[in-house]
Amino acid sequence: MTDDKTKPPAEASSIWGGRFAAGPDVVVEAINASIDFDKRMYTQDIAASMAHARMLAAQEIISAADADTIVSGLATIRGEIGSGDFQFSRALEDIHMNVESRLSALIGDVAGRLHTARSRNDQVATDFRLWVRDALDHLDREMKDLQAVLLRQADTHAGSVMPGFTHLQPAQPVTLGHHLMAYVEMIGRDRGRAADCRVRLNESPLGSAALAGTSFPIDREATATALGFDAPMVNSMDAVSDRDFALEFLAFASILAVHLSRLAEEYVIWCSHQFAYAKLGDAFSTGSSIMPQKRNPDAAELVRGKAGRVIGALNSLLIVLKGMPMTYGKDMQEDKEPCFDVADTLQLCLTAMAGMLGDTTFDVERMAEDAGKGFSTATDLADWLVRVLGLPFRRAHHVTGAIVKLAEDKGCGLEDLTLEDMQAVEVGITDEIFAVLGAENSVASRVSLGGTAPASVRHAVAAARKRFLDEG
Ligand code: ARG
């Protein structure tokens with residue numbers, strides 16, 4: 001693109017145009033501009049500029065009157081952008097220069113004083129930290145809402161027996177409540193990771209200027225406090241160049257997305273015709289354009305699928321940052337889109353999961369029937385032989401194997417065998433054994449800490465409401 005027609009005039013980028021005879025080539029403008037996406041940070045950008053202007057006045061670096069003019073101009077711009085009346089310009093590259101340019105149109109030369117003792121490098125690092133902090137806070141609320149729905153269903157189904165699986169093979173009976181509570185714990189740790197990320201993120205880069213700090217007598221504590229940061233970042237080069245807070249955000253997000261994908265996958269399985277444990281309400285089911293009988297859990301499949309883009313975002317930013325020399329490099333402009341996309345994606349996934357769960361009816365009879373199949377209480381039998389008859393576990397395992405074989409040959413469940421059948425294998429067995437056979441008995445007996453007994457699940461639900469929902 002050497003054709004002169006492709007080159008806009010130097011004034012187009014007047015903020016740094018002073019040194020340049022000609023404006024950038026069209027393709028440079030296209031690759032450089034981030035305004036199409038970073039306009040999402042306008043509230044953060046304006047808040048940071050207001051804090052900076054007030055601090056400059058408090059430090060007598062600019063006059064109080066100028067600071068007032070700047071702050072009220074910025075408030076006007078915030079209103080314009082909020083109501084969609086703002087003309088964004090690609091030639092002005094990003095949100096920072098778009099706002100500053102509009103400010104000078106509104107208040108004239110005074111606008112030029114705002115960028116004293118500041119650079120776009122500390123500005124963008126500040127805005128982005130504020131944006132990710134807001135995203136973490138939003139997602140925390142969504143995660144909490146999902147936990148609330150999980151807890152409601154877990155409470156309802158504290159005593160609903162279902163098969164528990166390992167290798168997706170029926171292993172031991174559990175309660176649906178216990179199964180759902182596993183996800184309450186997972187999301188609880190996700191919230192913990194988000195909170196950890198927020199703590200490390202919450203320091204202010206503002207005042208680091210381009211990379212080396214500034215000769216102006218600024219007050220970095222004041223701007224940090226005004227923006228809700230815990231403290232100013234200690235090293236100006238670190239402050240403008242690291243994006244580890246964004247990586248931590250994406251890492252937390254990836255683990256959350258993986259958890260949600262597992263829950264989504266279980267939904268797909270439970271809603272399948274073969275399992276038929278769960279039935280999604282009409283609002284969350286989709287039909288097929290060709291097969292009228294279909295009722296598809298599309299939203300669950302999409303939650304499962306969207307984990308791919310979230311994990312991809314983490315990878316993409318890790319690769320952007322790998323090997324970058326100190327300090328700021330334009331590569332770092334690639335940090336925002338993955339985070340924006342991930343925040344939107346997860347907010348959608350969390351809302352969809354909560355909606356689906358709330359709208360699901362479980363077929364309790366069918367699950368209970370399944371729970372009793374496949375000699376799922378064989379471990380209970382073996383445990384009884386150890387507990388009551390004092391057999392070594394290995395011997396009990398062997399005896400149980402023989403009894404399972406017997407039931408298999410007779411084509412019945414363990415609880416359908418007679419006492420005589422069982423005594424033929426192990427003479428010491430008494431009719432007390434029947435109390436542990438059968439799925440209901442099995443789950444009721446698992447009262448160990450963290451176990452599936454309905455009473456334990458009800459306790460776990462009550463405790464989780466306190467821990468996660470700040471209830472009573
Ligand atoms: N739009 C840029 C970004 O997102 C802002 C910082 C630009 N700084 C610079 N020195 N060119 O990274």
Side-chain angles (χ1 to χ4, degrees), residues 8 10 12-20 23-25 27-49 51-52 74 77 81 86 88-103 112 114-135 201 204-214 223 227 233 236-247 249-250 313 316-343:
S13 290
S14 55
I15 284 183
W16 42 258
R19 224 194 100 194
F20 293 83
D25 190 282
V27 76
V28 172
E29 185 181 296
I31 197 171
N32 241 347
S34 54
I35 188 60
D36 292 339
F37 54 87
D38 68 17
K39 60 184 171 200
R40 278 185 74 156
M41 304 196 301
Y42 80 92
T43 45
Q44 291 80 9
D45 190 70
I46 288 173
S49 286
H52 184 67
L74 288 168
I77 296 172
I81 301 180
F86 192 91
F88 289 105
S89 147
R90 282 222 181 113
L92 291 168
E93 228 179 288
D94 55 27
I95 186 63
H96 325 295
M97 303 221 284
N98 269 270
V99 169
E100 197 181 322
S101 158
R102 177 69 186 138
L103 189 63
L114 172 61
H115 214 52
T116 315
R118 186 178 78 168
S119 148
R120 270 193 295 158
N121 295 351
D122 59 338
Q123 200 181 351
V124 73
T126 304
D127 296 359
F128 194 28
R129 275 178 190 258
L130 291 173
W131 193 92
V132 173
R133 189 176 76 184
D134 287 347
L201 164 155
S204 174
L206 197 58
S208 298
L211 76 161
T214 172
T223 46
L227 295 169
M233 289 181 78
S236 64
M237 294 177 74
D238 172 43
V240 298
S241 73
D242 206 358
R243 295 292 183 267
D244 57 353
F245 63 94
L247 290 175
F249 169 68
L250 296 173
S316 99
L317 187 56
L318 281 168
I319 296 166
V320 166
L321 294 174
K322 178 193 167 293
M324 271 198 69
M326 287 275 124
T327 50
Y328 178 84
K330 194 77 179 209
D331 322 35
M332 286 159 72
Q333 185 164 284
E334 291 294 310
D335 58 2
K336 286 166 217 69
E337 284 166 294
C339 292
F340 293 167
D341 184 63
V342 160

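Atom set for the values below is all heavy atoms of this structure, side chains included, hydrogens, waters and symmetry mates excluded. These numbers were taken from a predicted model, which means no experiment stands behind them. In each ligand, atom 1 is the first atom listed, and ligand 1 is the first ligand listed.
- In Lys330, the NZ atom is crowded: over 12 heavy atoms of neighbouring residues, nucleotides or ligands sit closer than 6.0 Å.
- Nearest heavy-atom pair across Lys336 and Val124 is CE-CG2, 3.5 Å.
- Here Phe86 and Tyr42 keep their ring centres 6.0 angstrom or further from each other.
- Arg90 CZ: 12 or fewer foreign heavy atoms inside a 6.0 Å radius.
- Evaluation of the salt bridge (charged side-chain N to carboxylate O under 4.0 Å, His left out) rule for Asp335 yields Arg243 as partners, not counting sequence neighbours.
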Would you please test His96 and Asp38 for side chain to side chain donor-acceptor pair (under 3.5 Å) and show each step? CA-CA 9 Å; His96 325 295; Asp38 68 17; 4.8 Å; no
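- At a heavy-atom cutoff of 4.0 Å, ligand 1 is surrounded by Ser34, Asp38, Asp94, His96, Arg120, Asn121, Val124, Tyr328, Gln333, Lys336.
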